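The shown structure was predicted, so the numbers you read here are calculated from the model rather than taken from an experiment. For ligands, and for the atoms within them, numbers begin at 1 and follow the listed sequence.
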Amino acid sequence: MLNIRYELTTTPKAKPEDESKLGFGKVFSDHMFIMNYKTGKGWHDARIVPFGNISLSPASMVLHYGQEIFEGMKAYRTADGDIQFFRPEENFKRLNVSAERLVIPELPVEDALQALHALVEVDKDWVPHNDGASLYIRPFIIAVDPFLGVRPGDEYMFIIILSPSGAYYSTGLNPVDIYVETNYVRAVRGGMGYTKTGGNYAASLAGQDEAHKQNYSQVLWLDGVERKYIEEVGAMNIMFIIDDEVVTPELQGSILPGITRKSVLELCRKWGMKVSERRISIQEISDAYDAGKLQEVFGTGTAAVISPVGHLKWGDKVMEINGGKIGEISQKIYDTMTGMQYGKLPDEMGWIEKL
Ligand code: PLP
Ligand code: COI
């Protein structure tokens, strides 16, 4: 149990006036949670303080060698005004999986959950009211020792910041156009692809930049060895409906084990759909498309929710999925997931945790 010190702001900021214009990750709430770690002392000095700049030595290890991990989760407001989280313990368990890979000390899940609840309780008025908007929560850990040698740090900060946000893609639930990257790769097996660490996203920027130049909003990554097998998209996992079967790449170390991915697979199995997690080549997708069997394609993620894919470009070939419109199954999954998250549907899966 953490002993959290509160230092609350005396100058709260004005809340966003028009929640439909929030965008993603641009506005921050009044407070943040911070806790420090030092080898020999453990995690200590848990505090909730006004949101603001933090002071770091320019020699801080994270700034040079990227020893950093993060999570992404949301708090939703229900019609009754309750505030709820979606499977938050899964995020903190995954934070510890990332921590192990980056040699960052473990953060007990119950302490992280306590910090989360305490911070959101303080800033609960920042949870948006609009449908489709929510409070995006970004917990992260950074190595802060002032030292230029390469080794795991002895000093860390765990911070949680809150950002009232709308849709991640400006298109909202309208389908996104995705570009299959055949030159750059994001991660390889044995690397850090299964973790949420800044380096994976830094590795994705050149491909994303190329995609944007071609008017595509995101990159679909292929495996780092043969560049044949589908991995995931920049900020979401990917699913295909081929011949009435939900197919998604298996978890083999280079892709993020998404919590939305896992939840969607559990839902589809519960609905009696055929589901398979396996290796899928981009050639197989192209062949299924030519045979008229590629019914729907969508991404899954906390920020992205369920994002239908309208066009998929591989080399010179542009595949238009379901006439460029959201498919029936994608829509049903979207309605069910967001229905539970916003409290419009009963929590039959036991995924909701109230503030
Ligand atoms: N893949 C990547 C690279 C991501 O950044 C995310 C977002 O967190 C996901 C997949 C989806 O994961 P989750 O559903 O846990 O948000
Ligand atoms: C999330 O969905 O929470 C993510 O972390 C994606 C992010 C890179 C915007």
Using the ring pair (Phe, Tyr, Trp, His ring centres under 6.0 Å) rule, take Tyr136 and Phe24 through it: C-alpha gap first, then chi angles, then the decisive distance, then the call. CA-CA 8 Å; Tyr136 185 76; Phe24 176 83; 4.8 Å; yes

Between Tyr6 and His31, does the ring pair (Phe, Tyr, Trp, His ring centres under 6.0 Å) criterion hold? Intermediate values first, please. CA-CA 10 Å; Tyr6 289 78; His31 297 92; 8.8 Å; no

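Electrostatic pairing of Arg87 and Glu353 does not count as a salt bridge here, judged by no charged N lying under 4.0 Å from a carboxylate O. Note on Arg261 versus Glu277: salt bridge recorded, some NZ/NE/NH1/NH2 to OD/OE distance being below 4.0 Å. With respect to Glu181 and Lys313, no salt bridge is recorded, no charged nitrogen being found less than 4.0 Å from a carboxylate O. A salt bridge links Arg5 and Asp45; the closest N-O separation between the charged side-chain nitrogens and carboxylate oxygens is under 4.0 Å. With salt bridges taken as basic N to acidic carboxylate O contacts below 4.0 Å, one links Asp131 and Lys344. Salt bridge status for Asp18 with Lys21: present, with a side-chain N to carboxylate O gap under 4.0 Å.
Within the listing of ligand 2, atoms 1 (C), 3 (O), 4 (C), 5 (O) sit less than 4.0 angstrom from a heavy atom of Tyr136. Of all atoms in ligand 1, numbered sequentially from 1 with element shown, those under 4.0 Å from a heavy atom of Gly258 are 12 (O), 13 (P), 14 (O), 15 (O). Short contacts between ligand 1 and Tyr201, defined as distances under 4.0 Å to a heavy atom of the residue, involve ligand atoms 2 (C), 3 (C), 4 (C), 5 (O). Close approach to Arg94 involves these atoms of ligand 1, each under 4.0 Å from a residue heavy atom: 12 (O), 13 (P), 15 (O). In summary, the atoms of ligand 1 found under 4.0 Å from a heavy atom of Glu232, numbered by their order in the structure, are 1 (N), 2 (C), 3 (C), 10 (C). Close approach of ligand 2 to Gly72 is summarised as follows: ligand atoms under 4.0 Å from at least one heavy atom of the residue are 3 (O). If you number the atoms of ligand 2 from 1 as listed, the ones under 4.0 Å from a heavy atom of Ala235 come out as 6 (C). Those atoms of ligand 1 that come under 4.0 Å of a heavy atom in Thr302, given as number and element, are 13 (P), 14 (O), 16 (O). The ligand atoms of ligand 2 that sit less than 4.0 angstrom from a heavy atom of Lys196 are 4 (C), 5 (O). The contact set between ligand 2 and Tyr201, taken as ligand atoms under 4.0 Å from a residue heavy atom, comprises 8 (C). Below 4.0 Å from some heavy atom of Phe70 lie the following atoms of ligand 2, by number and element: 5 (O). For ligand 1, the atoms closer than 4.0 angstrom to any heavy atom of Thr300 are 11 (C).
The option from Ser204, Ala235, Gly234 that lies nearest to atom 6 (C) of ligand 1, judged by heavy atoms, is Ala235. Of the candidates Arg186, Lys74, Lys196, the one placing a heavy atom closest to atom 8 (O) of ligand 1 is Lys196.
Within 6.0 Å of CD on Glu328 lie no more than 12 heavy atoms contributed by other residues, nucleotides or ligands. Other residues, nucleotides and ligands contribute only 12 or fewer heavy atoms inside 6.0 Å of the CD atom of Glu100.
Scanning the protein heavy atoms around atom 9 (C) of ligand 2, the nearest turns out to be Tyr168 CE1, 3.4 Å. When only non-hydrogen protein atoms are considered, atom 14 (O) of ligand 1 lies nearest to Thr260 OG1, 2.5 Å. Closest protein heavy atom to atom 2 (O) of ligand 2: Ala303 N, 2.8 Å.
Within the structure, the closest approach of Glu71 to ligand 2 does not fall below 4.0 Å when heavy atoms are considered.
A side-chain donor-acceptor contact under 3.5 Å links Gln252 to the backbone of Ser254. When atom types are taken as modelled, the side chain of Lys13 and the backbone of Ser29 share a donor-acceptor pair closer than 3.5 angstrom.
In summary, of the residues considered (Glu155, Arg47, His44, Lys41), a side-chain hydrogen bond (donor to acceptor under 3.5 Å, both in side chains) with Asn36 occurs for Arg47 alone.
Only the side chain of Arg138 comes within 4.0 Å of ligand 2, counting heavy atoms alone; its backbone N, CA, C and O stay farther away. Here Met236 has no heavy atoms under 4.0 Å from ligand 2, in either its backbone or its side chain. Residue contacts with ligand 1 for Ile259 involve both N, CA, C or O and side-chain atoms from C-beta outward (heavy atoms, distance under 4.0 Å).
Taking only nitrogen or oxygen atoms, main chain and side chain alike, Ala304 does not reach within less than 3.5 Å of ligand 2.
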